[in-house]
> 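My structure is below; once you've seen it, I'll send some questions.
This one's a predicted model, so the numbers in the text were calculated from it and none came from an experiment. So that the names make sense, note that chain A is the first sequence line, chain B the second, and so on, each numbered from 1. Quick note: numbers below take in every heavy atom, side chains included, and nothing from hydrogens, waters or symmetry partners.
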Amino acid sequence: MRYSEMFLPTGREVPSDAEVISHQLMIRAGMIRKLTSGIYSYLPLGYRVIRKVEQIVREEMNKAGAQEVFLPMVQPAELWQESGRWEYYGKELLRFHDRHERQYCLGPTHEEVITDLVRNDIKTYRQLPRNLYQIQTKFRDEVRPRFGVMRCREFGMKDAYSFDADEAGAEASYEKMFAAYNNIFNRCGLKFRPVEADSGSIGGKYSHEFMVMAESGEDAMIVCDKCSYAANLEKAEAGRPKKVDSTEKDWLILESVHTPNVRTIEELSDFLQVGPQDIVKTLIFNADGKPCAILIRGDQEVNEIKVKNYLGANELTLADDEMIMQATGAPRGFAGAVKIKTRVIADYSVMNMINFVTGANKEDYHLKNVNIGRDCEVESFADLRVVGKNDKCPRCSGNIQFVRGIEVGHVFKLGTKYSKSLKASYLDKDGQEKIMIMGCYGIGIGRTVAACIEQNNDANGIVWPIPLAPYHVIITPVNVNEGDVLKAADKIYNDLQAMGIEVIFDDRDERAGVKFKDADLIGIPLRVIVGQKNLISGNVELKNRKSGETKLYPLEKIVSEIKKNIDEGLEQGIATTHAGGKTPCSRI
RNA sequence: CGGGGCGUAGCGCAGCUUGGUAGCGCGCCUGCUUUGGGAGCAGGAUGUCGCAGGUUCAAAUCCUGCCGCCCCGACCA
């Protein structure tokens with residue numbers, strides 16, 4: 001394409017409302033424009049990159065045996081009521097009604113629609129397994145959209161859904177997708193890592209997030225430096241300590257202490273001159289409307305997701321003042337397990353504590369020398385805390401690192417959550433009706449593009465890896481007013497085009513500096529510089545955007561050299577992971 | 001939802017305290033010169049100052065309400 005004919009508005013100024021580098025560069029490079037909060041238009045350059053990602057995704061999904069469909073974005077409320085999510089999905093689900101007052105929503109995801117499709121048309125085990133996917137616009141009414149297309153409300157997503165006859169089949173489907181995802185992100189040229197993720201109420205190990213490593217990432221995770229264990233911080237396991245039996249001899253006399261206006265662990269620790277590790281925090285949660293006390297050592301933090309999963313709650317929030325008052329008989333800040341009127345669950349960190357300090361369930365009082373078994377009871381102990389810096393790998397006891405990442409993909413075994421509520425069943429060999437086992441698999445397309453920029457940029461702009469580059473080559477004639485320069489550049493352009501190579505011909509009558517800056521900003525991997533000086537000896541320059549390396553090539557060789565460079569760049573990402581293969585090919 | 005900030009030309013911003021003709025840089029248009037890392041000179045175009053109301057002889061500026069956008073938080077015994 002001739003630059004002079006392109007819609008490619010680049011900008012020198014950093015947009016004032018863009019915080020992260022990918023957002024800034026996508027705007028400056030003329031890839032996206034914001035229409036309104038969390039809703040973006042893709043311009044030609046940006047959309048080309050989107051299509052590159054989509055194409056890689058398509059190829060790998062097809063290779064893994066999935067079939068592409070295209071489902072509606074507008075979905076009837078009835079279907080969501082049937083699955084139960086009309087009530088539970090919350091405000092992220094954008095709801096509206098038509099002229100007949102019928103209720104609809106914009107699809108934030110498509111489990112309902114796909115399950116409806118499959119239940120109507122798949123009747124027998126002979127038609128299973130099936131894996132259907134689509135690449136489609138989703139709408140989620142995010143509380144706070146930010147970081148450009150990284151966390152936005154309207155976004156492109158590849159979502160796949162597998163339907164299997166039994167557990168073994170579902171596992172195989174999951175493994176296939178897991179492998180396909182490794183291939184996809186490898187081919188995109190990303191440094192990523194699959195990490196164990198929270199799988200909500202389904203439980204089990206069947207949820208992995210694919211995280212692109214980036215400091216600006218919104219997700220925290222831990223990575224073991226010895227074994228392959230990597231997990232989202234939400235999910236990361238804290239090892240279970242060995243139970244050390246204490247005897248009553250060790251227990252000191254329970255003491256009530258007047259602690260006026262001392263509420264936080266910090267204040268309490270100061271006031272009583274004890275360490276936070278000698279205090280037991282008592283948090284009152286509201287689990288589906290019922291209070292529940294969670295005990296944890298004062299220097300640890302509760303992981304709400306673990307609590308939610310442990311309790312099997314649909315909704316979990318910290319209790320409000322009223323509920324705390326009802327449950328403990330005291331205002332916020334003085335809760336304790338002794339004589340509390342709620343369920344009491346404790347984190348493992350509390351298991352071996354003796355003579356600890358805790359709230360007295362009485363305003364301005366705390367208790368010292370509390371002991372479980374004598375002064376209070378604990379229903380059970382569980383892993384409910386956030387993993388901290390001093391923790392070791394739960395698998396191999398190696399050291400763990402805390403890193404940040406951007407979630408670009410998520411594979412998830414759904415089980416029968418939707419097939420049950422929506423009655424997606426089939427007849428097995430014995431004529432028995434059975435519920436299908438489902439899996440779902442998502443990739444954020446736009447987010448993958450943004451994540452790629454987060455990993456690949458420098459002071460001058462984007463540095464595209466070849467597989468995602470909107471164009472592979474840009475030809476920059478230094479001065480288009482010099483006839484022989486323009487002619488030589490034009491010939492290279494035509495030759496490259498004839499070979500099907502994706503090329504921009506910067507034929508603008510601009511000064512060389514302007515064209516170089518733009519070429520760098522939009523990140524085209526290869527640049528051919530055609531200038532008077534080198535042309536005299538029949539040469540042109542080939543500059544590599546990433547390495548900055550420049551080499552001279554004779555005019556007649558430049559095209560084949562470019563072709564070689566591109567082919568190498570494209571091949572590098574082709575991965576070889578297959579379903580059933582062992583360790584994922586992560587390139588952290 | 002809570003807190004903070006911002007809304008003035010396509011982009012980045014000044015002006016507002018102390019009311020009185022709408023400003024700067026970049027970009028854009030025309031011409032000439034220039035042409036290997038965001039050129040120089042000369043000339044030019046572009047604004048319901050977010051919206052609505054109020055105060056005033058007079059409002060970008062002061063007051064009220066609304067809208068939009070951005071950031072932080074929504075983590076606690």
> Distance check, C1' atoms only: B/C49 and B/U61, in whole angstrom units.
10 Å
> Where the side chain of A/Glu304 is concerned, which of B/G38, B/C75, B/A77 is the nearest nucleotide?
B/C75
> Taking the nucleotide of RNA chain B with the nearest heavy atom to each, does A/Val14 or A/Phe285 sit closer to the 5' end?
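Taking each residue's closest nucleotide, the earlier one in sequence belongs to A/Val14.
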> Taking protein heavy atoms under 4.0 Å as touching, what does nucleotides 40-46 of chain B look like 5' to 3' if B marks base contact, S marks sugar-phosphate-only contact and - marks none?
-------
> Is there a donor N/O on one and an acceptor N/O on the other, under 3.5 Å, for the side chain of A/Asp520 and the base of B/G37?
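For A/Asp520, whose side chain was compared with the base of B/G37, there is a donor-acceptor pair (under 3.5 Å).
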> Using Watson-Crick or G-U wobble geometry with both distances below 3.5 Å, tell me the partner of B/G68, or none.
B/C6
> Can you measure A/Arg508 atom CZ to B/U34 atom C1' for me and round it to whole angstrom units?
17 Å
> Would you find more than 12 non-hydrogen atoms of other residues, nucleotides or ligands less than 6.0 Å from A/Tyr88 atom OH?
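Atom OH in A/Tyr88 is not packed in, count stays at 12 or less.
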> Which nucleotide, B/G38, B/G36, B/A77, lies nearest any side-chain atom of A/Thr264?
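Nearest nucleotide to the side chain: B/A77.
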> Measure from CG on A/Asn479 to P on B/G36 and round the result to the nearest Å.
7 Å
> Could you tell me the separation between the CZ atom of A/Arg297 and the C1' atom of B/A77, rounded to a whole number of Å?
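Value for this atom pair: 17 Å.
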> Just checking A/Glu5: does its CD atom have more than 12 heavy atoms from other residues, nucleotides or ligands closer to it than 6.0 angstrom?
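Buried by this count: over 12 neighbours within 6.0 Å.
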> Please measure how far the C1' atom in B/G44 lies from the corresponding atom in B/A59, and state the result in whole Å.
30 Å
> Using Watson-Crick or G-U wobble geometry with both distances below 3.5 Å, tell me the partner of B/U17, or none.
none
> Could you please spell out the steps behind the salt bridge (Lys or Arg N to Asp or Glu O under 4.0 Å) verdict for A/Arg151 and A/Glu142?
CA-CA 8 Å; A/Arg151 176 167 296 281; A/Glu142 287 279 344; 3.1 Å; yes
> Which atom names give the shortest non-hydrogen contact between A/Trp80 and A/Thr109, and what distance separates them?
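Smallest interatomic distance, heavy atoms only, reads CZ2-O, 3.9 Å.
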> Within the pair A/Ser16 and B/G12, is there a side-chain N or O less than 4.0 Å away from OP1 or OP2?
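Indeed, a polar side-chain atom of A/Ser16 lies that close.
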> Is the side chain of A/Lys515 donor-acceptor paired with the backbone N or O of A/Pro477 at a distance under 3.5 Å, no angle test?
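Yes: the side chain of A/Lys515 pairs with the backbone of A/Pro477.
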> Using a cut-off of less than 4.0 Å, is there contact between a side-chain N or O of A/Arg144 and OP1 or OP2 of B/C71?
yes
> What are the two closest non-hydrogen atoms of A/Ile524 and A/Val473, and how far apart are they?
CG2-C, 3.4 Å
> Quick one: label A/Ile279 by what it contacts on the DNA or RNA (base, sugar-phosphate, nothing), any heavy atom closer than 4.0 Å.
nothing
> Could you tell me whether A/Gly531 contacts a base, only the sugar-phosphate backbone, or nothing, with contacts defined as non-hydrogen atoms closer than 4.0 Å?
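Base contact.
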> Which nucleotide sits closest to the side chain of A/Arg146: B/C72, B/A77, B/U35?
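From the listed options, B/C72 comes nearest.
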> Considering only atom P, compute the distance from B/G25 to B/A9 and round it to an integer number of Å.
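Straight-line distance between the two P atoms is 16 Å.
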> In whole Å, measure the gap between the C1' atoms of B/U8 and B/G12 for me.
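B/U8 and B/G12 have their C1' atoms separated by 12 Å.
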> Round to the nearest Å and state the distance from A/Asp141 atom CG to B/C1 atom P.
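It is 12 Å, rounded to the nearest whole Å.
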> Is the NZ or CZ atom of A/Lys362 both under 6.0 Å from the centre of the six-membered ring of A/Tyr365 and within 45° of that ring's axis?
yes
> Need to verify one output field. Residue with the more 5' nearest nucleotide on RNA chain B, A/Glu541 or A/Ile284?
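Its nearest nucleotide being more 5', the pick is A/Glu541.
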> With both distances kept under 3.5 Å, what pairs with B/C41, Watson-Crick or G-U wobble?
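In the structure as shown, B/C41 has B/G31 as its Watson-Crick or wobble partner.
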> Which of these nucleotides, B/U35, B/G38, B/G36, is closest to any side-chain atom of A/Asp518?
B/G38
> Write down the distance separating the P atoms in B/A45 and B/G10, rounded off to the nearest Å.
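Going atom to atom, P in each nucleotide, I get 16 Å.
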> Write down the atom of A/Lys546, the atom of A/Asn544, and the distance for their closest heavy-atom approach.
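Heavy-atom minimum between the residues: N-OD1, 2.8 Å.
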> Between B/C69 and B/G53, how far is it from one P atom to the other, in whole Å?
23 Å
> Please give the nucleotide sitting opposite B/G47 as a Watson-Crick or G-U wobble pair, both distances under 3.5 Å, or none.
none
> Would you classify A/Lys543 as touching base, sugar-phosphate or nothing, given that sugar-phosphate means primed atoms plus P, OP1 and OP2, and contacts are heavy atoms under 4.0 Å?
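If one applies the 4.0 Å heavy-atom cut-off, A/Lys543 turns out to touch a base.
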> Can you tell me if the side-chain N/O atoms of A/Thr476 get under 4.0 Å from OP1 or OP2 in B/G36?
no
> For B/C76, give the paired nucleotide (Watson-Crick: N1-N3 plus N6-O4 or O6-N4; G-U: N1-O2 and O6-N3; both under 3.5 Å), or none.
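B/C76 is paired with nothing.
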> Can you tell me which nucleotide in B/A77, B/A74, B/G37 comes closest to the side chain of A/Val143?
B/A74
> Rounded to whole Å, how long is the line connecting atom CD of A/Glu142 with atom P of B/C1?
16 Å
> It should be established whether A/Arg511 places a side-chain nitrogen or oxygen under 4.0 Å from OP1 or OP2 of nucleotide B/A39.
yes
> Can you tell me, in whole Å, how much space there is between the P of B/A58 and that of B/G2?
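Comparing P positions in B/A58 and B/G2 gives a spacing of 38 Å.
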> Looking at every non-hydrogen atom in both residues, tell me the closest pair between A/Val386 and A/Val302 and how far apart they are.
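In terms of heavy atoms, the two residues are closest at CG2-O, 3.6 Å.
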> May I ask you to decide whether A/Arg146 forms a salt bridge with A/Glu218, counting only side-chain N to carboxylate O separations under 4.0 Å?
yes
> Does A/Glu13 get its side chain close enough to the base of B/C26, under 3.5 Å, for a donor-acceptor pair?
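No, no donor-acceptor pair under 3.5 Å.
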> Distance check needed: B/G38 C1' versus A/Glu510 CD, whole Å only.
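Those two atoms, CD and C1', are 9 Å apart.
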> With no hydrogens and no angle check, is any side-chain donor or acceptor of A/Arg385 less than 3.5 Å from a backbone partner on A/Arg297?
no
> Under a 4.5 Å cut-off applied to non-hydrogen side-chain atoms, are A/Gln532 and A/Asn479 in contact?
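A side-chain contact is absent here, since even the closest heavy-atom pair is not under 4.5 Å.
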> Ignoring hydrogens and geometry, is there a side-chain-to-backbone donor-acceptor pair from A/Asn539 to A/Asn534 under 3.5 Å?
no
> Report yes if a donor N or O on one partner sits less than 3.5 Å from an acceptor N or O on the other, where the partners are the side chain of A/Asn534 and the base of B/G36; otherwise report no.
yes
> Between C1' on B/G38 and NZ on A/Lys515, what's the gap in Å once rounded to a whole number?
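Checked: the NZ to C1' distance equals 13 Å.
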> Roughly, in whole Å, what's the span from CZ in A/Phe147 to P in B/C69?
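Atom CZ in A/Phe147 sits about 17 Å away from atom P in B/C69.
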> Any strand counts, and the cut-off is 3.5 Å on both contacts for Watson-Crick or G-U wobble. Which nucleotide pairs with B/A59?
none
> B/C69, B/A77, B/G38: which one has an atom nearest the side-chain heavy atoms of A/Leu521?
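Minimum distance to the A/Leu521 side chain belongs to B/G38.
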> Within the modelled atom types, does a donor on one side and an acceptor on the other bring the side chain of A/Arg527 and the base of B/G37 under 3.5 Å apart?
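By the distance-only test, yes, there is a pair.
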> Across the strands shown, which category fits A/Asn481 at heavy-atom distances under 4.0 angstrom: base, sugar-phosphate, nothing?
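Here A/Asn481 touches the bases of the nucleic acid.
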> Under 6.0 Å from the CD atom of A/Glu266, do we count more than 12 heavy atoms belonging to anything else shown?
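Counting neighbours around CD of A/Glu266, 12 or fewer heavy atoms of other residues, nucleotides or ligands fall under 6.0 Å, so no.
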> Say you pick atom P in B/C13 and the same atom in B/C71; how far apart are they, in whole Å?
14 Å
> Check RNA chain B against residues 21-38 of chain A and give the residues with a non-hydrogen atom under 4.0 Å, in numerical order.
A/Arg28, A/Lys34, A/Thr36, A/Ser37
